[in-house]
S.K.: 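Below is one structure. I have some questions about it.
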There are 2 protein chains.
Amino acid sequence: MSATEGVRARARREITEAIKGEARRQLAEEGGAKLSLRAVARELGMASSAVYRYFPSRDDLLTALIIDAYDSLGAAAEGAESEVAAASDATALSRWIAVCEAVRGWALTHPHEYALIYGTPVPGYRAPRTTVPAAARVGLLLIGIARDAHRGPAGLSRTPLPEGLRPEAVRMTADLAPDLPPEAVVALVAAWSELFGLIGFEVFGQFHQVVEDRAAFFRHAAARLAHEVGIAFPGAAPDA
Amino acid sequence: MSATEGVRARARREITEAIKGEARRQLAEEGGAKLSLRAVARELGMASSAVYRYFPSRDDLLTALIIDAYDSLGAAAEGAESEVAAASDATALSRWIAVCEAVRGWALTHPHEYALIYGTPVPGYRAPRTTVPAAARVGLLLIGIARDAHRGPAGLSRTPLPEGLRPEAVRMTADLAPDLPPEAVVALVAAWSELFGLIGFEVFGQFHQVVEDRAAFFRHAAARLAHEVGIAFPGAAPDA
DNA sequence: CCCAAGCGAGAGCACCGCTCTCATTTTCCG
DNA sequence: CGGAAAATGAGAGCGGTGCTCTCGCTTGGG
C-alpha cells in the first residue's frame, strides 16, 4: 500500500471508469438493449476479451451502470432538495415539489438511464443487493420531507385506512418510518410509486398527443401527490 | 375468392398465428429482450429465413405482440368492468376498482407482455400508429366511468386548477372528454398514469421488501385514485 | 530475484438478425 | 386449360454479438 497505491491498481480503476464512461455514452445514444461489449472495446481500442477482465459479463456492466444511474438520480434529487430547503421561505410542499421536479428533470435528461432503472428489468429478473442503497435515496428523501411536515403544525395524512390494510400498514410503518402515522406511510409509498408512473409515462411517450404542457401538468400532479400524503402549508391553495 | 378463401391465405393466417404463439411462449419464458426469430423458427421446424415472409423484421414481430398485448389487456379490463357493471349494486367506484384490479391482475399474470407495453420501449423509440387504438382501451374505460359518475348526483373532482394549467386543461378536455369538467380530466389523466406507476412498481419488483400485502395496498391506492378523480358514492368511506 | 498473479491479444464457438438466390408450389388470367 | 406471375420455403452466407480459452508479456510481492 504505497503512496502511489500501485501503478496497476490505479490503471485498473481508470480503465474500469473508461469502460463505464464509454458504455454510458453508447447507452445515451442507442439505449440499453443495444449496448455492446465489443463496441465499447472497439471504441476504447482494446480487444473485446480484455473487457472481461473488468466486467465478467455484459449484464455486470449493465448492473454497474444501473448503480451509477441510481446514484446520479439520487444526487440530483438531494441537491435540488437541499437547495430549496436552504431558502428562507422553504416549506415541506416546496421541498416535495423540488424533489419531484428534480427526478422528472433527471429522467428527461437521461431517458435511457431512467429506462435502465425504472423500465423493464434487463435480463430475466435482476436486482443485486448492491443496488438497494442507491435505489432507496429518492424514497428516503420523500420520507424525510414527510417527517418534517409531520413535526410541523399542520400534521399529515388523514385518510383512514380500511381494516384489511391496517396490519400491513403497521408493518410498513415499522420498516420505513416508525415515527410517522401508518396512514401517512401508506400514502407515502403510494405517492412514491405514482410519481414514477407520471414520469415513466412522460419519458416513455405515453403522454404523446395527450398531455402537451407537461411541465405544468406534472407540477400540478406532484402538488396533488403531496396533498395526498398530507403535506401542505396551513390555509393555502394546493399549487404554487 | 372461393368459399375456402384460398388454401394459401388460410395457411398464411395459421402460420402467422403459430409464429406469434411461439413467440409469445418464448416471451413469457425469457422476456422480450431475448426473443429470437431463429429460435422461433427452429421450434416451428422452419428455416429462419421463412419467418421473414411473415414478419419483415424482429421488431415487427414485437410490434404485433405489443398490439396483441394491448388488446388482451383491454379485453380483460373491459370484461371485468362490464361484469361488475351488470350487478345491481354497481357504483362508479366499484367499477373503477374493478378495472384497476383487472389491469393489475393481467399485469401480474403476463409480466413480460406488460413489460412490452408499459416498460422500456424495446428498440430505439417505436410506437407505430397502429398500436394507438388498442393502447387507448383502458384509458377510455376509465373516462367512461368518470363520465357516468359525473352524470350521477355526486358530481366529480373539485380540486381547482392553477392558472398556468388552465389552457392545457381546456385543450385536454376538448380532446379527451368535452362533456367533463377540465378539473376532472386533469385528475383523470394523472390517475391513469399513476395507476400504472403502482402496477409497474409491483410487476418490476420495486415493492420487494417494501409492500407485502400488495393486493390490499393496491385496492386502497386504487380507491384513493378514484377519490382524486372525484368518483365516490354519496356519504361512504373511500374503501370497499 | 524469481515466481505467481494480473493483464492484453487473438482465435474460435455458438448464436443472432438479415439478405440473397434458387427451386417449388399455388394462384390468376388469357 | 395452360402458362405466366406471384407466393413460399430452404439453404448459404455476411457481419455482428457474448463469451471462452490459450498464449505471451508485465507487474508486484515474498
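To find a chain, count down the sequence lines: A is the first, B the second, and so on, and within it residues start at 1.
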S.K.: Does B:Arg12 count as lying over the ring of B:Tyr54, i.e. NZ or CZ under 6.0 Å from the six-ring centre, within 45 degrees of the axis?
M.R.: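 B:Arg12 over B:Tyr54 ring: yes.
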S.K.: Mind grabbing the angle between the end helix axes of the helix from C:dC1-D:dG30 to C:dG30-D:dC1? Five pairs an end, 10° rounding.
M.R.: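 Here the helix ends are tilted 0° relative to one another.
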S.K.: Whole-Å distance between C:dC16 P and B:Arg58 CZ?
M.R.: 11 Å
S.K.: Without decimals, in angstroms, what is the distance between A:Tyr52 OH and D:dT17 P?
M.R.: 11 Å
S.K.: Would you mind checking if A:Glu228 and A:Arg224 are paired as a salt bridge, meaning a charged N to carboxylate O distance below 4.0 Å?
M.R.: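 No, this pair does not count.
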S.K.: I need the CD-P distance between B:Glu43 and C:dC15, as an integer number of Å.
M.R.: 13 Å
S.K.: Would you kindly give the CG-to-P distance between A:Asp60 and D:dG18, to the nearest whole Å?
M.R.: 13 Å
S.K.: Return a single string for nucleotides 3-11 of chain C, one symbol per nucleotide in 5' to 3' order, where B is base contact, S is sugar-phosphate-only contact and - is none, cutoff 4.0 angstrom on heavy atoms.
M.R.: ---BBBBB-
S.K.: Counting only heavy atoms not in A:Glu83, do more than 12 sit closer than 6.0 Å to its CD atom?
M.R.: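 For A:Glu83, atom CD is not crowded (no more than 12 foreign heavy atoms under 6.0 Å).
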S.K.: Check the orientation of A:Tyr114 and A:Phe196. Use parallel for under 30°, tilted for 30 to 60°, and perpendicular for over 60°.
M.R.: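 A:Tyr114 vs A:Phe196 ring planes: parallel.
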S.K.: Can you tell me how far C1' of C:dC16 sits from CZ of B:Phe55, to the nearest Å?
M.R.: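 One finds 19 Å between C1' of C:dC16 and CZ of B:Phe55, rounded.
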S.K.: Would you say a side-chain N or O of A:Ser36 is under 4.0 Å from OP1 or OP2 of D:dG18?
M.R.: yes
S.K.: What's the CZ-C1' distance between A:Arg10 and D:dT27, to the nearest Å?
M.R.: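 The distance from CZ of A:Arg10 to C1' of D:dT27 comes to 16 Å, rounded to the nearest Å.
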S.K.: Could you check whether A:Glu22 pairs with A:Arg25 (Lys NZ or Arg NE/NH1/NH2 to Asp/Glu carboxylate O, under 4.0 Å)?
M.R.: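 Counted as a salt bridge, because a side-chain N and a carboxylate O are separated by less than 4.0 Å.
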S.K.: Pairs in or reaching into residues 36-52 of chain B: which pass salt bridge (charged side-chain N to carboxylate O under 4.0 Å, His left out), with residues at least two apart or in two chains?
M.R.: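 Output for this query is empty, none listed.
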S.K.: Mind calculating the distance between NZ (B:Lys34) and C1' (C:dG17) to the nearest angstrom?
M.R.: 16 Å
S.K.: Taking atom P of D:dG16 as reference, at what distance in whole Å does atom CG of A:Leu37 sit?
M.R.: 16 Å
S.K.: Sub-3.5 Å donor-acceptor pair from the side chain of B:Arg58 to the main-chain atoms of B:Leu35, do we have one?
M.R.: yes
S.K.: Passes salt bridge (charged side-chain N to carboxylate O under 4.0 Å, His left out), B:Asp71 versus B:Arg137? Steps please.
M.R.: CA-CA 8 Å; B:Asp71 274 325; B:Arg137 287 171 72 172; 2.8 Å; yes
S.K.: When the ring planes of B:Phe201 and A:Tyr118 are compared, do they come out parallel, tilted or perpendicular, using 30° and 60° as the limits?
M.R.: parallel
S.K.: For B:Leu35, answer base if it contacts any base atom (sugar-phosphate contacts may also be present), sugar-phosphate if it contacts only those atoms, and nothing otherwise; contact means non-hydrogen atoms under 4.0 Å.
M.R.: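 Counting heavy atoms under 4.0 Å across all strands, the contact made by B:Leu35 is with sugar-phosphate only.
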